[in-house]
J.: 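Below is one structure. I have some questions about it.
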Amino acid sequence: MVTFERPDGTRLCIKQLTQGKLDSLLEGSRGFVAADGTRSFALARLPEGGVVRLSYWWEEEVDSQAPTEQELAQLRSFVRSVAGAEHDGFVTPLPASPFLYPDGDEYLRMDAAVIAGGTLYVAQFRRELNETGVLDMSATLGLLRIAKPGQNDPSPELAILLSGVTTVKLYLGGVAVRDGLTIEELAERAAKKGVSLLLLSGETFGLAGDAAPARFL
């Protein structure tokens, strides 16, 4: 018997659960929360014992994708290492705090970013890698282009740092891939958007597939 819990706290117990019954139960949802914290629709990934939490599109997510301090450090270490290897170790880290509009609202937050040799290396973290994350990462390039010196100046501090930057390399790092996708499929799609995928393995991030080329700023 498996006990499922909806976001409102109501519970449903099902005996002799099959994939067909699970599919019916999960219709209109985002799946159940598996043991590794990702969402799934697969019977084989049901956690053993305890209560299984159901997830819905309307359910508010609170920092479900947010990295831990250790994961942030690992992502920043990867970016510094790549930039340093490509530019003889001369790397300038960007501030970890978000860049703001003149009125104080947040304009752009980069989980890891360094400048080396006229190239900006930017990485964002998504616990679960998927197409939406790739599109969000790709959109970061547009925000950076708007923030270039002499443009609209939405973030004066960022504009100053981008002075002299001519190209951008985009990275999206995570710890798992959305069910229904292989890392190879997602990496290929991401590369077409100018985004390189990173997977956390042990203590370090590594490229998943080929690195995407730099994009002109």
Side-chain angles (χ1 to χ4, degrees), residues 65-127 129 132-175 186-217:
Q65 295 284 354
T68 64
E69 288 299 321
Q70 181 179 3
E71 289 164 341
L72 268 182
Q74 291 165 332
L75 187 62
R76 290 166 181 165
S77 176
F78 174 89
V79 172
R80 287 194 304 269
S81 176
V82 171
E86 294 182 356
H87 297 281
D88 298 325
F90 188 75
V91 174
T92 302
L94 269 65
S97 55
F99 293 98
L100 306 177
Y101 285 101
D103 64 5
D105 288 340
E106 183 174 313
Y107 176 73
L108 178 62
R109 180 188 298 269
M110 295 181 281
D111 291 331
V114 302
I115 294 174
T119 298
L120 171 64
Y121 297 75
V122 181
Q124 303 284 41
F125 181 93
R126 282 290 187 101
R127 188 160 304 283
L129 297 173
T132 301
V134 169
L135 292 175
D136 288 345
M137 191 68 235
S138 180
T140 298
L141 180 62
L143 293 174
L144 290 168
R145 284 173 172 166
I146 294 172
K148 285 196 309 181
Q151 300 296 315
N152 297 323
D153 295 330
S155 178
E157 182 187 8
L158 181 56
I160 292 171
L161 291 172
L162 291 178
S163 179
V165 172
T166 56
T167 55
V168 180
K169 288 193 173 183
L170 303 172
Y171 298 90
L172 181 65
V175 298
L186 189 58
E188 183 177 351
R189 297 178 191 179
K192 292 178 180 178
K193 296 290 185 180
V195 179
S196 300
L197 286 191
L198 308 174
L199 269 180
L200 182 61
S201 177
E203 296 297 315
T204 60
F205 278 95
L207 277 171
D210 297 330
R215 307 286 296 275
F216 285 106
L217 186 64

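For the numbers below, each heavy atom of this structure counts, side chains included, while hydrogens, waters and symmetry mates do not.
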J.: Where is the tightest heavy-atom contact between P156 and L100, given as atom of each residue plus distance?
T.: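 In terms of heavy atoms, the two residues are closest at CD-O, 4.3 Å.
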J.: Among residues at least two apart in sequence or on other chains, which ones pass salt bridge (Lys or Arg N to Asp or Glu O under 4.0 Å) with E188?
T.: none
J.: I need the minimum non-hydrogen distance between L207 and S196, along with the two atoms involved.
T.: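 Smallest interatomic distance, heavy atoms only, reads CD2-CB, 3.9 Å.
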J.: For the atom pair CG (L162) and CZ (R145), what is the distance rounded to the nearest 0.5 Å?
T.: 12.0 Å
J.: Would you mind reporting whether E203 and Q70 have side-chain heavy atoms less than 4.5 Å apart?
T.: yes
J.: Taking the side chain as everything from C-beta on, heavy atoms only, tell me whether Q74 gets closer than 4.5 Å to L200.
T.: yes
J.: Is there a side-chain contact between T204 and S77 in this structure, where contact means two heavy atoms from C-beta onward sitting under 4.5 Å apart?
T.: no
J.: My understanding is that only residues two or more places apart in sequence, or in another chain, count here; which of them pass salt bridge (Lys or Arg N to Asp or Glu O under 4.0 Å) with E157?
T.: none
J.: By the salt bridge (Lys or Arg N to Asp or Glu O under 4.0 Å) test, which pairs, at least two apart or in different chains, include something from residues 70-86?
T.: E71-R127, E86-K169
J.: When you compare the side chain of V168 with that of T140, does any pair of heavy atoms fall below 4.5 Å?
T.: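 A side-chain contact is absent here, since even the closest heavy-atom pair is not under 4.5 Å.
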J.: Please enumerate all residues that pass side-chain contact (heavy atoms from CB on, under 4.5 Å) together with S163, with sequence neighbours excluded.
T.: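 side-chain contact (heavy atoms from CB on, under 4.5 Å) check on S163 returns P149.
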J.: Show me, pair by pair, the donor-acceptor contacts under 3.5 angstrom made by side chains of residues 106-115, not counting sequence neighbours?
T.:
residue : atom : partner : partner atom : Å
E106    : OE1  : R109    : NH2          : 2.9
E106    : OE2  : R109    : NE           : 3.4
Y107    : OH   : L143    : O            : 2.6
D111    : OD2  : F125    : N            : 2.8

J.: Any chance you could lay out the side-chain contact (heavy atoms from CB on, under 4.5 Å) test for L94 and L120, step after step, and finish with the verdict?
T.: CA-CA 9 Å; L94 269 65; L120 171 64; 3.9 Å; yes
J.: How far apart are the closest heavy atoms of V79 and A123, and which atoms are they?
T.: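 That would be CG2-CB, 3.6 Å.
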J.: Run the ring pair (Phe, Tyr, Trp, His ring centres under 6.0 Å) test against Y171 and tell me which residues pass, sequence neighbours left out.
T.: F78
J.: Please identify each residue that fulfils side chain to side chain donor-acceptor pair (under 3.5 Å) with E69, with sequence neighbours left out.
T.: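 Counting only residues at least two positions away or on another chain, E69 forms no side chain to side chain donor-acceptor pair (under 3.5 Å).
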J.: What heavy-atom pair brings L199 and V175 nearest, and what distance separates the two atoms?
T.: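 L199 and V175 have their closest heavy atoms at CD2-C, 4.1 Å.
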J.: Test side-chain contact (heavy atoms from CB on, under 4.5 Å) on L198 and L172 and set out the steps.
T.: CA-CA 6 Å; L198 308 174; L172 181 65; over 6 Å; no
J.: For the residue pair G194 and L170, what are the closest heavy atoms and their distance?
T.: O-CB, 3.6 Å
J.: Kindly write out the residues that satisfy side chain to side chain donor-acceptor pair (under 3.5 Å) with T167, not counting sequence neighbours, or none if the list is empty.
T.: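 T119.
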J.: Suppose the criterion is side chain to side chain donor-acceptor pair (under 3.5 Å): which pairs have a residue in residues 87-103, not counting sequence neighbours?
T.: H87-Y121
J.: Pairs of donor and acceptor atoms involving the side chains of residues 210-217, under 3.5 Å and at least two apart or interchain, shall be tabulated with distances.
T.:
residue : atom : partner : partner atom : Å
R215    : NH1  : K193    : O            : 2.9

J.: Taking ring pair (Phe, Tyr, Trp, His ring centres under 6.0 Å) as the test, write out the residues that go with F99, two or more places apart.
T.: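 If we apply the ring pair (Phe, Tyr, Trp, His ring centres under 6.0 Å) test to F99, skipping adjacent residues, there are no hits.
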